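Before any comments, here is the structure.
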Amino acid sequence: MPEVETVVRSLRKRLPGRRIKNVEIFDPKLAALDTERLRGRRIRAVSRSGKEIVLDLSAPRRPLWLCVHLRMTGRLLWAATAALGERHLRARFTLTRGALLFYDARRFGVVRLAESPADFAPPGVEILAAEFTPAKLAKLLAGSAMPLKPWLLRQDRIVGCGNIYASEVCHAAGLDPRRPAGSLTPVEIRRLHRETRRIFAKAIECGGTTIDNFMDCEGQCGNYRSHLKVYEREGERCLRRGCPGEIARLVQAGRSTYFCPVCQTAAPIRRVSGSKPRPGPTKSRTGRRPER
DNA sequence: ACCCTCCTGTCA
DNA sequence: TGACAGGAGGGT
């Protein structure tokens with residue numbers, strides 16, 4: 001999400017006010033896009049909805065939005081400053097005095113039209129929205145047996161948390177990523193909430209995380225990578241002050257999780273209502289050897 | 001909580 | 001050659 005927000009902010013400096021003159025699609029997977037409906041439309045605004053980029057193309061009595069989901073490797077580049085040639089070029093939007101290029105190596109990206117804001121309204125609550133409070137988080141977590149880290153990736157609960165940040169957030173909050181999401185105490189939930197907001201605000205401030213080739217529409221990379229505490233740091237020392245742990249990697253729901261087995265496995269300070277026989281997953285939670 | 005799929009590229 | 005990759009949706 002910080003990466004998407006970064007792209008959106010860069011697009012905002014270029015797109016509003018321009019008109020779409022022509023749209024070319026070079027990837028058959030994107031052929032469903034009705035390019036004729038785009039022609040002649042003026043870009044009124046650029047915004048983000050969850051991890052989607054939304055261009056408002058509405059005219060009086062003719063509402064229309066263009067939604068772009070970059071997924072893993074999608075990129076939107078302002079042609080004048082950041083053209084990358086023809087390789088992986090999937091679509092070209094020719095605008096008045098300029099062009100917007102959509103690149104996507106793995107072709108997971110999605111470009112679609114929306115006729116109403118409901119078509120791109122995220123199902124969950126935005127991390128940086130005012131309604132995302134500790135109480136709201138507690139309500140969302142309640143009753144879930146899913147391990148915390150995979151739970152954080154559910155876009156129908158919290159919107160915007162991706163795989164990098166899910167590990168980072170668990171570490172910052174000192175929580176075991178294998179803990180059942182519904183097992184967190186009020187104190188832990190407050191910590192999780194605070195650290196989540198802090199990390200996302202900071203990551204946006206840094207222009208997102210560039211692992212491989214993420215960039216904004218001017219070709220500028222993000223520099224939150226240097227702030228990462230656990231992601232891709234398997235085998236390295238834990239960066240929490242005074243913690244002697246070594247970062248470990250495990251796979252949850254098919255995705256890498258990085259965490260510190262020392263400072264993220266401490267037992268809950270106190271239990272909520274003592275009736276639930278749900279011991280902390282200190283050891284055997286994953287049911288299978290997690291370490292390779 | 002596990003599996004798989006969509007794709008292509010990179011690295012050990 | 002195989003493991004893995006920022007996301008998401010599907011299936012048991």
Side-chain angles (χ1 to χ4, degrees), chain A residues 1-8 26-32 48-53 67-76 84-91 102-112 120 122-124 127 143-169 176-183 199-200 203-204 206-216 221-228 230-235 249-258 278 281 284-292:
Chain A
M1 179 271 265
E3 292 70 38
V4 181
E5 178 65 25
T6 298
V7 174
V8 163
F26 309 115
D27 180 355
K29 279 186 80 177
L30 300 177
R48 176 182 64 79
S49 179
K51 297 180 185 175
E52 264 197 324
I53 296 161
C67 305
V68 179
H69 199 309
L70 301 175
R71 296 283 180 99
M72 307 277 248
T73 53
R75 279 173 286 174
L76 278 176
L84 298 179
E86 301 289 307
R87 187 167 148 94
H88 299 151
L89 178 61
R90 309 300 182 193
F102 177 61
Y103 290 88
D104 191 2
R106 290 176 73 179
R107 302 167 63 204
F108 287 164
V110 176
V111 182
R112 65 190 182 96
F120 54 84
I127 289 165
S144 175
M146 189 179 292
L148 177 59
K149 189 267 186 172
W151 186 91
L152 289 168
L153 297 176
R154 293 186 56 168
Q155 304 299 302
D156 61 334
R157 313 307 253 177
I158 297 179
V159 200
C161 190
N163 201 43
I164 296 176
Y165 299 102
S167 284
E168 293 297 314
V169 159
D176 191 321
R178 299 163 293 188
R179 286 269 298 279
S183 75
I199 283 174
F200 277 82
I204 289 171
C206 289
T209 303
T210 296
I211 293 294
D212 194 24
N213 50 25
F214 157 75
M215 50 184 69
D216 70 11
C221 292
N223 64 354
Y224 190 77
R225 191 179 191 180
S226 60
H227 296 267
L228 297 176
V230 289
Y231 190 76
E232 285 193 323
R233 292 195 63 249
E234 183 181 17
R249 172 183 174 273
L250 59 97
V251 174
Q252 294 179 291
R255 324 226 20 215
S256 285
T257 297
Y258 296 87
R278 198 208 339 79
S284 58
R285 193 73 238 151
T286 40
R288 200 175 310 183
R289 58 209 160 180
E291 56 288 305
R292 132 162 248 73

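Predicted model only: the values in this text are computed from it and were never measured.
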Query - Candidate pair A:M215 and A:T210, rule side-chain contact (heavy atoms from CB on, under 4.5 Å), full reasoning - result: CA-CA 7 Å; A:M215 50 184 69; A:T210 296; 5.8 Å; no
Query raised in the report: Are any of the side-chain heavy atoms of A:Y165 and A:L152 separated by less than 4.5 Å?
Result: no
Query raised in the report: Are side-chain heavy atoms of A:V4 and A:E52 found at a separation under 4.5 Å?
Result: no
Quick one: label [X] by what it contacts on the DNA or RNA (base, sugar-phosphate, nothing), any heavy atom closer than 4.0 Å.
{"X": "A:R225", "value": "nothing"}
{"X": "A:S256", "value": "sugar-phosphate"}
{"X": "A:S167", "value": "nothing"}
{"X": "A:Y224", "value": "nothing"}
{"X": "A:P150", "value": "nothing"}

Go through [options] for me and flag the one nearest to the [X] side chain.
{"X": "A:R90", "options": "C:dG6, B:dT8, C:dA5", "answer": "B:dT8"}
{"X": "A:K51", "options": "B:dT10, C:dA8, B:dC6", "answer": "C:dA8"}
{"X": "A:H88", "options": "C:dG6, B:dT8, B:dC6", "answer": "B:dT8"}
{"X": "A:R87", "options": "B:dG9, C:dG7, C:dA8", "answer": "B:dG9"}

Under 4.0 Å between a side-chain N or O of [X] and OP1 or OP2 of [N]?
{"X": "A:R255", "N": "C:dA8", "answer": "no"}
{"X": "A:Y165", "N": "C:dG6", "answer": "no"}
{"X": "A:Q252", "N": "B:dA1", "answer": "no"}
{"X": "A:R178", "N": "B:dA1", "answer": "no"}

Query raised in the report: For residues A:S256 and A:R249, is any side-chain donor paired with an opposing acceptor at under 3.5 Å?
Result: yes
Report task. Between A:I164 and A:A253, just flag the one whose closest nucleotide in DNA chain C comes earlier from the 5' side. Result -> A:I164
Separation of the [atom1] atoms in [N] and [M], to the nearest angstrom:
{"N": "B:dC2", "M": "C:dA5", "atom1": "P", "answer": "16 Å"}
{"N": "C:dG6", "M": "B:dC11", "atom1": "P", "answer": "15 Å"}
{"N": "B:dT5", "M": "C:dG2", "atom1": "P", "answer": "15 Å"}
{"N": "C:dC4", "M": "B:dC4", "atom1": "P", "answer": "13 Å"}

Query raised in the report: For the residue pair A:Y258 and A:Y231, does the interplanar ring angle fall in the parallel (under 30°), tilted (30 to 60°) or perpendicular (over 60°) class?
Result: perpendicular
Rounded to the nearest angstrom, tell me the gap between atom [atom1] in [X] and atom [atom2] in [N].
{"X": "A:E232", "N": "B:dT10", "atom1": "CD", "atom2": "C1'", "answer": "12 Å"}
{"X": "A:N213", "N": "C:dA5", "atom1": "CG", "atom2": "P", "answer": "15 Å"}
{"X": "A:M146", "N": "B:dC2", "atom1": "CE", "atom2": "P", "answer": "11 Å"}
{"X": "A:R71", "N": "B:dG9", "atom1": "CZ", "atom2": "P", "answer": "19 Å"}
{"X": "A:E3", "N": "C:dG6", "atom1": "CD", "atom2": "P", "answer": "11 Å"}
{"X": "A:R249", "N": "C:dC4", "atom1": "CZ", "atom2": "P", "answer": "5 Å"}
{"X": "A:N163", "N": "C:dA5", "atom1": "CG", "atom2": "C1'", "answer": "10 Å"}
{"X": "A:L153", "N": "C:dG6", "atom1": "CG", "atom2": "C1'", "answer": "11 Å"}

Query raised in the report: Is it true that A:K29 and A:D27 have a side-chain N and a carboxylate O under 4.0 angstrom from each other?
Result: no
Report task. For B:dC7, give its Watson-Crick or G-U wobble partner with both distances under 3.5 Å, or none. Result -> none
**Report entry** Pairing partner of C:dG6 (Watson-Crick or G-U wobble, both distances under 3.5 Å)
**Finding:** none
Query raised in the report: Among A:E234, A:R178, A:R255, whose side chain to side chain contact (heavy atoms under 4.5 Å, CB included) with A:L250 holds?
Result: A:R178
Requested in this report: Tell me which of A:A145 and A:D212 sits closer to the 5' end of DNA chain B, going by the nucleotide each one is nearest to.
Outcome: A:A145
Query raised in the report: Would you say the base of B:dC7 and the side-chain of A:R106 have a donor-acceptor pair closer than 3.5 Å?
Result: yes
Query raised in the report: Taking the six-membered ring for Trp, does A:F214 stack with C:dG6 (centroid gap under 5.5 Å, planes within less than 30°)?
Result: no
